[in-house]
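Below you'll find the structure, written out as structure tokens, and then a few comments.
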Number of protein chains: 2
Amino acid sequence: MPKRVDPTERRTQIADALMRVAAERGLEAVSLRHVAAEAGATTGLVQHYFGTKDEMMLFALEVVSGHIGQRMEAAVNALGPSPAPRDLIRALAVQLLPLDEQRRADGRVGLAFFAYAATRPDVAEVQRRGSQGLRDFFATMMPEPAATTLLALVEGLALYLLTDTYSAATALGALDGYLDSVFGRP
Amino acid sequence: MPKRVDPTERRTQIADALMRVAAERGLEAVSLRHVAAEAGATTGLVQHYFGTKDEMMLFALEVVSGHIGQRMEAAVNALGPSPAPRDLIRALAVQLLPLDEQRRADGRVGLAFFAYAATRPDVAEVQRRGSQGLRDFFATMMPEPAATTLLALVEGLALYLLTDTYSAATALGALDGYLDSVFGRP
DNA sequence: GTTTTTGCATCACGACTGTAATGTAAAACG
DNA sequence: CGTTTTACATTACAGTCGTGATGCAAAAAC
């Protein structure tokens, strides 16, 4: 048989191509053929690694979650040891905002998946777990109701940033303003 | 010629059918044929009133905006004359939250259109105008940065309500908590 | 009453979709 | 070395999509 291949590596390559297509042309442009072409492969390859399209979509969603997780971890590490709760929370929240092209792309994919999840319960479940994990973590360093509010606020800011309704300065101002009201003015 | 017909009435009927399809099966299920079938008509009729699909989508989006506007107006009227700013703002914000089946349907359609707008600049423009009008109005009765934050918060809460990540009580608690922090505890 | 216009239905077209079936070459395995 | 297994390509299929063309009955216009 041909050179043995790491399946998850190939699957990740395909998912990356999917995300490029979704970010540039919307989730509705995500078809087996477009994704395959973007990945420089054939539909047969995609079919080999994902029996069905839904399976591929679900995997891609998990890849996006992974990206966010990695970025948040990196942001935490960049803060040094035992940071102030406010700084930590701010660093994490900022990673959820689409402030650069990379995060905008992820954000667009995430948004597309939100709409996708509206009719796919299993997709919705993946998203729910992601945000609940985040809220639980926030709740360990700030009062519970504030964690809930902050998460929703960040999500709303992300939405308005994506549509260019809010500027980066406006969004960061809103975030810092809310953190002020929770932790007190610095 | 056959009985003369009010075009906007027919267009609205079609848009209503579109929204039913979108709410139940997602925006990706919105096709000329499905919408026509849901409206009890043929694709020829739909084509007669909307030259192209995009035209139909755009009109439907404006219908959703109209729904929201009507609901907000009704909520304001229900408050009686010269209400307290906080009560007025709360009433408006609540109308943006998908707390009953009707608003959930609208919310799902609105969310689907958010994703749709990611690749359609003209659709994005319609949405931008809607939220900016809202923010401007909020800003007339509360400090400007708070209006910005509130709008984003409500949008985020709406998103989490739609995905059943937050309960109605949680979302309303977050909204009231934020209003407390702006207007002072009642 | 004839003509014209309008509302809508029907059908055809080419493009695209997800999926299944089949083929093929290469490397691992016994 | 021969066989089996794996990775991937190619092709075929039935279905759906948006759109344009054509048809036709009914009512308005004259």
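Convention: sequence-line order gives letters A, B, ...; per-chain numbering from 1.
Side chains of B:T52 and B:D54: no donor on one and acceptor on the other come within 3.5 Å. Between the side chains of B:T148 and B:E144, at least one donor-acceptor pair of N or O atoms lies under 3.5 Å.
Rounded to whole Å, the distance from NZ on B:K53 to C1' on D:dG20 is 17 Å. For the pair A:L32 CG and D:dC13 C1', the interatomic distance rounds to 15 Å; values are reported in whole Å. Nucleotide C:dG7 holds its C1' atom 15 Å from the CZ atom of B:R11, rounded to whole Å. Between the P atom of C:dG7 and the CD atom of B:Q13 lies a distance of 14 Å, rounded to the nearest Å. Distance, A:K3 NZ to C:dC29 P: 16 Å, rounded to whole Å. Regarding B:E28, its CD atom lies at a distance of 12 Å from the C1' atom of C:dT17, rounded to whole Å. The distance from atom CD1 of A:I14 to atom C1' of C:dG18 is 15 Å, rounded to the nearest whole Å. Rounded to an integer number of Å, the gap from CG of B:D6 to P of C:dG7 is 11 Å.
Using a 4.0 Å heavy-atom criterion, one finds that B:R33 contacts the bases of the nucleic acid, with or without backbone contacts as well. In this structure, A:L45 reaches the sugar-phosphate backbone alone: every heavy-atom distance under 4.0 Å involves primed, P, OP1 or OP2 atoms, never a base. Residue contacts shown for B:V46 are absent, as no nucleic acid heavy atom lies under 4.0 Å away.
Residue-to-nucleotide proximity on DNA chain D shows that, of A:G44 and A:H48, the 5′-proximal contact is made by A:H48. Residue-to-nucleotide proximity on DNA chain C shows that, of A:Q47 and A:H34, the 5′-proximal contact is made by A:H34.
In this structure, B:E125 pairs ionically with B:R129, as a charged nitrogen and a carboxylate oxygen lie closer than 4.0 Å.
For A:T43, whose side chain is taken as the heavy atoms from C-beta onward, the closest listed nucleotide among D:dG18, C:dA9, D:dT11 is D:dT11. Distances from the side chain of A:T42 to the nucleotides D:dA7, D:dA9, C:dC8 place D:dA9 closest.
How far CG of A:L150 is from OH of A:Y178: 6.5 Å, rounded to the nearest 0.5 Å.
At the phosphate of D:dA26, neither OP1 nor OP2 sits under 4.0 Å from any side-chain N or O atom of B:R4. Not one side-chain nitrogen or oxygen of B:S31 sits closer than 4.0 Å to the OP1 or OP2 atom of D:dT16.
A cation-pi contact, defined as under 6.0 Å to the ring centre and within 45° of the axis, links A:R120 to A:Y116.
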